[in-house]
Amino acid sequence: MPDILIVYYSRTGNVAQLARLVARGVEEVPGMRARLRSVPPVAPVTEIAAAPVPDEGAPYATPADLRECAGIILGSPTRFGNMAAPLKHFLDSTGAEWASGALVGKPAAAFTSTGTTHGGQEATLLAMLLPLLHHGTLIVGLPFTEAALNATRAGGTPYGASHVAGTSGDRAIGEEAKILARALGRRVATIAAKLIA
Ligand SMILES: Cc1cc2nc3c(=O)[nH]c(=O)nc-3n(C[C@H](O)[C@H](O)[C@H](O)COP(=O)(O)O)c2cc1C
C-alpha cells in the first residue's frame, strides 16, 4: 500500500495534533496510508546522537522513508517566521536523497502552528516548500474551493494547513482548521494515487 510520509517536529504538541489530522485526511483516500514520522530535537552539543526511537510521538524519519513514500508532507512550529531548526537539520541531511532524485515527481505540502494570528504562518509554510522544490516535488496547497478556507478566522491558508495555538499554546484547533488539515492530507494522497496509477 503506498504511503504518504508526514514528517514533523513538535515541542508542545500543536503540530503533532495537526499531523494526526493530516494523516486522517490521507487515510480517507482508498488504498493510501499515512506514515507518521518525527525528527529529534537539536542541541548545542550535537556529538550526542539522539536515541533512534523517541520516548513519545512518532518514530524518527529515516532516508528510507523518503525513498519509499509516494508523497511527503512537512510540519513545523513557526519559529521567528521560519521552520524550527530540528526540521531544517533533518532536511539538511537529505543530500543523498536529493542527488538520487528520491522525491522527484512526488506531491508535497506543508503545515504549521503559530502562537499568534499574524506571526508568520505563510512565511514558514513557504520556507518548508523551498527545500521541497529543490527535491523536485510537486507542490500542493489548498484551493479556495475548500469552503473552510473562506470561513476560517484562525488556521488554514492556501499555502498549507495551520493552527493558531495562542500565546499560551493551549488553544484548541478550530473546526475550519481541522477540516483544512484533513483536506491537505486527502489532496496530497489523491494526487499521489493518480500519479502512481
Ligand atoms: C523560539 C520560538 C520562536 C517562535 N516564533 C514564533 C513566531 O515567529 N510567530 C508566532 O506566531 N509564534 C512563534 N512561536 C510560537 C510557536 O510557533 C507556537 O507555540 C507553536 O504552536 C508551537 O508548536 P508545537 O506545540 O507543535 O511545538 C515561537 C516559539 C518559540 C519557542
Side-chain angles (χ1 to χ4, degrees), residues 4-27 34-46 48 50-51 53-62 65 72-94 108-132 140-142 148-149 151-185 188:
I4 300 299
L5 177 64
I6 300 167
V7 186
Y8 69 90
Y9 176 70
S10 180
R11 192 165 69 86
T12 53
N14 288 287
V15 171
Q17 281 185 59
L18 277 179
R20 288 191 286 273
L21 288 162
V22 172
R24 273 178 60 189
V26 166
E27 302 211 334
R35 189 185 297 197
L36 269 175
R37 294 289 183 267
S38 63
V39 296
V42 291
V45 184
T46 51
I48 300 172
V53 179
D55 292 338
E56 57 181 24
Y60 294 140
T62 66
D65 290 322
I72 178 167
I73 309 176
L74 299 178
S76 170
T78 289
R79 289 200 171 163
F80 305 118
N82 209 323
M83 78 180 94
L87 185 66
K88 181 67 163 61
H89 187 67
F90 168 73
L91 291 168
D92 287 357
S93 74
T94 62
F111 57 97
T112 189
S113 174
T114 51
T116 58
T117 307
H118 301 293
Q121 294 196 342
E122 284 94 337
T124 302
L125 293 166
L126 289 170
M128 284 188 273
L129 297 182
L130 293 178
L132 291 172
V140 175
L142 284 165
L149 205 50
T152 184
R153 302 216 169 247
T157 85
Y159 309 88
S162 66
H163 168 50
V164 181
T167 46
S168 304
D170 57 0
R171 199 182 290 169
I173 301 179
E175 273 317 301
E176 287 85 4
K178 282 184 183 173
I179 289 168
L180 292 166
R182 282 170 58 188
L184 189 71
V188 171

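Ligands are counted one by one from 1 in listed order, and the atoms in each one are counted from 1 as well. Residue numbers run from 1 in the order of the sequence given.
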The atoms of ligand 1 lying under 4.0 Å from a heavy atom of A165, numbered in the order shown, are 21 (O)
Keeping the roles fixed (side chain from H163, backbone from R171), state whether a donor-acceptor pair exists under 3.5 Å. yes
Min heavy-atom dist G13 to ligand 1 below 4.0 Å: yes
Nearest protein heavy atom to atom 26 (O) of ligand 1, by residue and atom, and its distance? S10 OG, 2.6 Å
Contact check: A16 vs ligand 1, nitrogen or oxygen atoms, below 3.5 angstrom: no
Per-atom contacts of ligand 1 with T12, taking only distances under 4.0 Å to non-hydrogen atoms: 22 (C), 24 (P), 25 (O), 27 (O)
Does either side chain, that of T78 or that of T124, offer a donor lying less than 3.5 Å from an acceptor on the other one? yes
Once rounded to the nearest 0.5 Å, what's the spacing between atom OG1 of T152 and atom NZ of K178? 12.5 Å
When you measure from the side chain of S76 to the backbone N and O of A84, does any donor-acceptor pair fall under 3.5 Å? yes
If only atom types and distance count, is the side chain of E176 paired as donor or acceptor with the main-chain N or O of R153 below 3.5 Å? no
Which residue holds the protein heavy atom closest to atom 28 (C) of ligand 1, what is that atom called, and what is the gap in Å? T78 O, 3.4 Å
In terms of atom number and element, which parts of ligand 1 are under 4.0 angstrom from non-hydrogen atoms of G81? 8 (O)
dist I173:CD1 -> S113:OG (nearest 0.5 Å) comes out at 7.0 Å
Is any N or O atom of G120, backbone or side chain, closer than 3.5 Å to an N or O atom of ligand 1? no
In ligand 1, the atoms that come under 4.0 Å of a heavy atom of G115 are 10 (C), 11 (O), 12 (N), 15 (C), 16 (C), 17 (O), 18 (C)
Considering all heavy atoms of both residues, which atom of L149 and which atom of P158 are nearest to each other, and what is their separation? CD1-N, 4.0 Å
Distance-only N or O hit between ligand 1 and F80, under 3.5 Å: yes
With only distance considered, is S113 within less than 3.5 Å of ligand 1 through an N or O on each side? yes
Please check: side-chain N/O of N82 versus main-chain N/O of A127, any donor-acceptor pairing under 3.5 Å? no
Could you tell me whether the side chains of Q121 and S162 share a donor-acceptor contact shorter than 3.5 Å? yes
S168 side chain to D170 backbone, donor-acceptor under 3.5 Å: no
Starting from atom 30 (C) of ligand 1, what is the nearest protein heavy atom, named by residue and atom, and what distance separates them? R79 NE, 3.9 Å
Any non-hydrogen atom of G169 lying under 4.0 Å from ligand 1? no
Pull out every atom of ligand 1 sitting under 4.0 Å from any heavy atom of P77, numbered as shown with elements. 22 (C), 23 (O), 27 (O)
Ligand 1 to G119, heavy atom cutoff 4.0 Å, flagged ligand atoms 7 (C), 8 (O), 9 (N), 10 (C), 11 (O)
